[in-house]
Amino acid sequence: MRTQRQVVDYALQRRALLTQLHAGRVGVSEVCDADPYLVQAAKFHGEPSETICPVCRREPLTNVAWVFGDELKNASGQARKPEELDRMANQYEEFNVYIVEVCRTCNWNHLVLSYVLGTGGLNDRPSRRKTAAE
């Protein structure tokens, strides 16, 4: 995606949380608390990853992309497939994308990545120059 910018990777937060979990400072019920809506979104809009769930180690995680932005109006706060993100990136000036990994078996979920997509005003036509007669 050529318009992806302001990328934030949450790998260090994820690693710290998993370290606390494996050390017993955080309970499984505290980290495996995915909302049912998120699990359903993973089923219908998610993209399978090659990463095995770090908690239950039973199945690969599913990445779900959530979009937010004022310009999106009613579409803001919804899960989208990667091909929809490409289309939206060419259609809207700016919106935020949050990628959440979800385990559909144990309900582990964690924010993996966030970034901004959109044309960034590149599709706006430059205003026509006025002539001296205007």
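Keep in mind that the numbers below use all heavy atoms, side chains included, and drop hydrogens, waters and symmetry copies.
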Look at the side-chain heavy atoms of Ile, Leu, Val, Met, Phe, Trp and Tyr, link any pair under 4.5 Å apart, and say whether V7 and V112 land in one connected group.
yes

Listed by chain and number, what are the ring pair (Phe, Tyr, Trp, His ring centres under 6.0 Å) partners of Y37, not counting sequence neighbours?
W66

Is the shortest heavy-atom distance from the side chain of V97 to the side chain of Q4 under 4.5 Å?
no

Step by step, would you call Y92 with L117 a side-chain contact (heavy atoms from CB on, under 4.5 Å)?
CA-CA 8 Å; Y92 296 103; L117 279 181; over 6 Å; no

Return the set of residues passing salt bridge (Lys or Arg N to Asp or Glu O under 4.0 Å) with R58 (not counting sequence neighbours), or none when no residue passes.
none

Residues at least two apart in sequence or cross-chain that pass side-chain hydrogen bond (donor to acceptor under 3.5 Å, both in side chains) with N107, listed by chain then number, are none

Please identify each residue that fulfils side-chain hydrogen bond (donor to acceptor under 3.5 Å, both in side chains) with Y10, with sequence neighbours left out.
S114

The criterion is ring pair (Phe, Tyr, Trp, His ring centres under 6.0 Å); which residues satisfy it with H110, sequence neighbours excluded?
W108

Between V102 and V64 the two heavy atoms that sit nearest each other are CG2-CG2, 4.2 Å

Residues that Q20 engages under side chain to side chain contact (heavy atoms under 4.5 Å, CB included), provided they are two or more places apart:
L17, R25, V26

Shared hydrophobic cluster, Y98 / Y115 (ILVMFWY, side-chain heavy atoms < 4.5 Å)
no

Would M88 end up clustered with L113 when hydrophobic side chains under 4.5 Å apart are linked, directly or stepwise?
yes

Any salt bridge (Lys or Arg N to Asp or Glu O under 4.0 Å) involving residues 34-44? Give me the pairs, sequence neighbours left out, ordered by first then second residue.
none

Side-chain donor-acceptor pairs of residues 45-57 under 3.5 Å, sequence neighbours excluded:
| unit_1 | atom_1 | unit_2 | atom_2 | d |
| --- | --- | --- | --- | --- |
| S49 | OG | T51 | N | 3.3 |
| S49 | OG | L61 | O | 3.0 |
| R57 | NH1 | P54 | O | 3.4 |

Taking side-chain hydrogen bond (donor to acceptor under 3.5 Å, both in side chains) as the definition, give me every residue that meets it alongside E59, ordered by chain and number, with sequence neighbours left out.
T105

Could you measure the distance from the CG atom of L72 to the CD atom of Q91? Nearest 0.5 Å is fine.
9.0 Å

Determine, using the 4.5 Å side-chain heavy-atom cutoff (strictly less than), whether F68 and I99 are members of one ILVMFWY cluster.
no

Can you run down the salt bridge (Lys or Arg N to Asp or Glu O under 4.0 Å) pairs that involve residues 96-115, sequence neighbours left out, and say none if there aren't any?
R14-E101

Would you kindly confirm whether V8 and V116 end up in one hydrophobic cluster when ILVMFWY residues are joined by side chain heavy atoms under 4.5 Å apart?
no

Quick one: ring pair (Phe, Tyr, Trp, His ring centres under 6.0 Å) partners of F95, sequence neighbours excluded?
none

If you look at every heavy atom in V39 and A34, which pair is closest and at what distance?
CG2-CB, 3.8 Å

Residue pairs passing the side chain to side chain donor-acceptor pair (under 3.5 Å) test where at least one lies in residues 71-85, sequence neighbours excluded:
Q78-R80, R80-E84

Evaluate the side-chain proximity of L12 to R15: yes if any heavy-atom separation is below 4.5 Å, no if none is.
yes

